[in-house]
Visitor: 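Here it is, the structure in full.
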Amino acid sequence: MLKTVIKQNSYQDSINLMLLTNQINTLEGVAQSQIMMGTDANKEIFSAAGLLTEEAQNANPSDMVIVVETEDDAVMDTVLAEAESFLADLSVKKTASGAPSEASSWEEAVAMLPDANMALFSIPGEYAAPELERALDLGLNVFSFTDNVALEDEVRLKQKAHEKGLLFMGPDCGTGVISSVPIAFTNVIRPGNIGIVGASGTGIQEVTCMIDRLGGGCVHAIGTGGRDLNKKVGAITVKDAIVALENHDPTDVICVISKPPAPEVRDEVIDLLQKCSKPVVAIFIGEKPEAHLGKVHLAHTLEECARIAVDLANEEAVKKNYLVPLDLDVTEPLTSDKTVIGLYSGGTLAGEAAMMVTEALELGSIIKEEGFMLRHGGYDIIDLGDDIYTQGRPHPMIDPAVRIRMMKEYAAKPTTGVIVFDCVLGYGCHPDMASALAPTIAECKEMAKSEGRQLEFVGTVVGTQNDPQDYERSIKILEDAGAIMEPSNAMAVRAALAFKGIEFAEKNREVQAYSIKDTTPLPEPSESVMELLNSKPRVINVGVESFNEPLIAYGAESVQFSWKPKAGGNKRMIHLLNELDKIDGIDEANQRIVERFKKSQPQLIDVVVAKDAIPELNREKKTILHAGPPITWENMQGPMRGSCIGAALFEGWAKTEEEAVELLESGEVEFMPCHHVHAVGPMGGITSANMAVLVVKNLADGTLAYCTMNEGIGKVLRFGAYNEEVIERLYWMADELGPILSKALKLSDGGINLNVLIARAITQGDEFHQRNMAATLNFLKEIAPLIVRTDASDAAKQRVIQFLADTDQFFLNIMMAMGKSIVDYVRKEQEGCVVSTLSRNGYEFGVRVTGLGDQWFTAPVNTPVGLYFTGFNEDDGCPDNGDSAICETVGVGGMAMVAAPGVTRFVGAGGFEDALAISNEMERICVTHNPNWTIPTWDFKGTCLGIDIRKVVETGITPIINTGIAHKKAGIGQVGAGTVRAPLACFEKALEAYAAKFGIE
Amino acid sequence: MRVSSASNFALKHLREDVSGSIHSVFDSSFNISLGGFLLHVGTTDAPLSCLGIQIAPEDMCRVLEIMRVEDKAIYHKQRLVIYSMLGVTSFDLGEATPRSTDVVSYSFVPGVTDTHLFSSIEKLMLPTRIGLPWTPESKRALSSLVRFSVSCLEGGTTWSSEASVRAMRSSIEYLLGRGLGLTPSGDDVLCGFGTGLRYLYGSPELNKEFKAPELSQVFFQELEHSLPNKTTAVSEGYLRAVIEGYANEDYLSLLAALQSGSSKALNHVIAAILRVGHTSGADSLLGFSTAFCYPFA
């Protein structure tokens, strides 16, 4: 049976997950497993393996999907514990000393390494093209280990790189050396005066390792990707690299290694090489050169290429023949029915083996079908690194499992005479592949011997003395297991053929005159490329974190960009974001918008009866204002309905609850969002004509905003309570509290400056949504002397002051009116993509955006997560309610969690580190900080300002809102407090609309 | 990087298009093995090695940060390129000032020079400061070298000259490669002795003062004959320079001080030489004084 666990929004790179899959597969009780991100491509792999469960099918690209085939129900606990431990271990490694710094965006990465000159990519190919282009736009040379980039994208990106004077190495560039720094899956090569330009993988590795072992060295081995000599690409990178090496002083010899090229492109490259002043050796794998062409020495095998390069580097004459005698004595060749099998981890090595066997047996030309490079008459040469063998599992250079299985399968065949194999060392590879393969080799030989058959294993180790694995030890282990080890792949293949009684021969090669066809001089190299080749690379490592290890070890600088797919891998959103990136002026518009936030000067000026300030409440039509986007009575949750009943009773529209419900259901009452009339209301937000409202004026342009006053805690209207006590309090607030505050405010000098009050209280531990203790006391400090000066009775004054002193959250409603006065001023300029409203009505969460006017973008609201009062639990909580998210809209509340560490435990966020982490996370979706409200516990950084919907969609980080939790039934009131996330869908809808504004489809 | 100066001996032996590797690295200098020649790279604030070239101290700091033993080096078109894992360094010898490290360009003043030298040497108690144990064998080796120098000075019968050569040959055999380190003490003694011998008997115009100055050449011939594979590459490099008549700049300063007759200058130079290596300075001064027949033994 299949067991599935989905870990939502838990991105890990594919290599980590493949390694984890390997580990899980070793657990007892696990028949097989697959752990991957929930992308469409990965779902196909799940399906192919028979592991696509319904849950996996429904997973999102940003979800980690664990599917395990097991007969043991309990095994999943072990699997999950193992997975957690594995991933935790990775995170510990991340923080180990010496580990590079980590960025989560291009902006952060560039800020951390401003003089970066190269980006190293190892991210899924389906998301790569725009990221590669971004790197080029940032002026970075590119090394793309990433494969599966479309050919048309490769052509476009390489042309762009060339025009910008940048080097584009890859895609599918598995190996490379820049300024003696090994990059990706690479050996440690002694530096020297040979410069290499090569396709991408084991071709470079074989040649560079041979050069190293022959006493030579190279500073640069520039990978170009396997398709660079494709007709459409036109060898853009090969040509740029050749020109650069020609101008690189320490390089004395240029060596070109190519996969089978397009003939016309090959000729262009040869022509270019003829114009170089430095000696040149080239190999076009699959070609059998008859002669050297002018000054270009042509090699047939990788070994020969290395030997010619070293001779040229030592200024020694190039020999006519480089065939070195084999140290092998085959007394009796294998019988004619025996064949040679090649099981390779390196594609280029497999290609070379296929070429040599094909030539020796005159079988025509090499193929590439389902991993086979040769399949003829029982002679099979297989590239086990081909996609067909690596989908959903690690490359055979990392994981020996597939090769071990195939060695056993082929060894069991009576026709198999020789198995040729490679063992590739270097960074990124298996830590001890020789020891992993040796037992199988010994076992297979023993089995054949017991059956009276001769079976030979002939191999080569691709590596150097300086590789993390031990080259000499690897050879010895394989020899001890019974393998015949040769110093090169070509010699290994020749040894295999020798067992068949075939002597591989090379004809002497003379120099054939060459006349340069394109006589224009060599182009000048770009400054940027030469700077790259003349210094240690300064790298932004986008993807696999372990690629940092050789970078750091060999003197490069590195910043880890812990890349995740934009928008959680949502292709539509990625498209919109990429298209919006191309639109000029959005950032400037957002800057203007946040300037309006900063220029706001909210002043608490009055408390009035709502209908006197809000015309919509002063009509014949009975009207109730509510929180959030528009909602009907049918969709209202219990607390909001309770508040409406309370309002009807308060206004005298009904005498009983039943009458009130009848009225509200009748359609006689119009429900209208507070936000539509410059008002806001907490929780249900229910505001009716005769309730008292605070009046805040934004002195920036006189914008007015309103909010009811805070009723205190316990049974209160905003949480849906409507008993007599509640209604009586509302009357008192309208009849005594409001008028006295109004009189007091009129005695002040134009009201109370709220910016100043906020700036003061934020240093005293308030975040203004869950904690307003300091702000309320500061308000009381301002208002109490004024209250005393009013002509109200002493008893009334005493009641008002006592109420304010008892109501810790009194300032919340002032904060909300203040927030509304700010956003309604900001929204007057309709531009940019900054959030101007966050609100919820218990049914839907609504978002409005500065550039999109009054339009609401809604999605089903979430239920807060937090702590419940004794006697209540999650089952009692009502989905999220209230306009109080205006606090977060202007950058306080959950956005400023770090300002109020005292609150974090109450709202369930944990300790101070969690509060800090939340604010740091919120910072990532905002345009800037508000210098008016600085937070001491955040090293005096200003509060977050300007939630950019593009950033929200790109990162998948939605604003977090601190909130009270109402009981889902009317009349019970508050049952807890916690946090809630704005749903991503609101922002995605807003992004669609914003993109449409620019004609983006 | 710019090379400030280069010894004429090094320039004579550096061949074009030769490759090699870093041989040894010290706190403020390093040696490169290039086609059989050991090139010393030092700084301008230290005496020029007869095997070497000089670069600015700040350049040396940068180079030493990245250089490792066995790094590849190539000399091509008066440009020395060192390929290190942590970077490629290129030295331009085209602009370097050639400087003479010939010993014979300094004059010996009989009767004055040796008096000066002896008065400075006497108080140093050199036998107690050298790297060799002051054993009867060591004393005998030194005595034999004194005896050989006496033969060059005073001549004598064929028999006695041949006997002194045989004794000198035994001393070479005993001293060559004897001791620890990159320049064993015995080699340093031979270097000092050879330099003294060249200084005393190498100048044709002064040879009339001595009975058999040509005999001194036998020492260099014997040393060259015995040298292969007997000591370290670094020591062998310096001994070959001595055989060809070259010395490090600190010894050239010593010769200049002797020539000037200034005791102050002489003591200053000797103090500097004594600071060379662990015991190398004392070892070579012992050998140098032996050439002057100073009776240590």
Visitor: Mind listing the closest non-hydrogen atom pair of A:E315 and B:D17 along with its distance?
Guide: OE2-OD1, 3.1 Å
Visitor: How close do B:S19 and A:N314 get, counting heavy atoms only, and between which atoms?
Guide: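 In this case the closest contact between B:S19 and A:N314 is OG-OD1, 4.1 Å.
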Visitor: Report yes or no: does A:R190 contribute a side-chain atom to a donor-acceptor pair with the main-chain N or O of B:E70 at less than 3.5 Å?
Guide: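 Here the side-chain-to-backbone pair exists.
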Visitor: Are the side chains of A:D249 and B:R79 in contact, using a 4.5 Å heavy-atom criterion?
Guide: yes
Visitor: Given 3.5 Å as the limit, does a donor-acceptor pair link the side chain of B:Y83 with the main chain of A:S180, or not?
Guide: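 No: the side chain of B:Y83 does not pair with the backbone of A:S180.
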Visitor: If you draw a 6.0 Å radius around CG in B:D45, do more than 12 non-hydrogen atoms from other residues or ligands fall strictly inside?
Guide: yes
Visitor: Is the number of heavy atoms from other residues, nucleotides or ligands within 6.0 Å of CD (A:E316) greater than 12?
Guide: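 For A:E316, atom CD is crowded (more than 12 foreign heavy atoms under 6.0 Å).
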Visitor: What are the two closest heavy atoms between B:M85 and A:V188, and how far apart are they?
Guide: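 Minimum heavy-atom contact is CE-CG1, 3.2 Å.
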Visitor: Tell me whether A:K476 at atom NZ has more than 12 heavy atoms from other residues, nucleotides or ligands lying less than 6.0 Å away.
Guide: no
Visitor: Heavy-atom pairs under 4.5 Å with chain B: which of A:P250, A:S535, A:G555 has the most?
Guide: A:P250
Visitor: Between B:I66, B:V81, B:I74, which shows the greatest number of heavy-atom pairs under 4.5 Å with chain A?
Guide: B:I74
Visitor: Could you check whether atom CD of B:E95 has more than 12 heavy atoms from other residues, nucleotides or ligands sitting under 6.0 Å from it?
Guide: no
Visitor: Can you tell me if B:H278 has over 12 outside heavy atoms packed within less than 6.0 Å of its NE2?
Guide: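 For B:H278, atom NE2 is not crowded (no more than 12 foreign heavy atoms under 6.0 Å).
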Visitor: More than 12 foreign heavy atoms under 6.0 Å from CG of A:D115: is that the case here?
Guide: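 Count over threshold, so yes.
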Visitor: So, does B:K72 use its side chain to make a donor-acceptor pair with the main chain of A:G215 at under 3.5 Å?
Guide: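 Checked: pair present.
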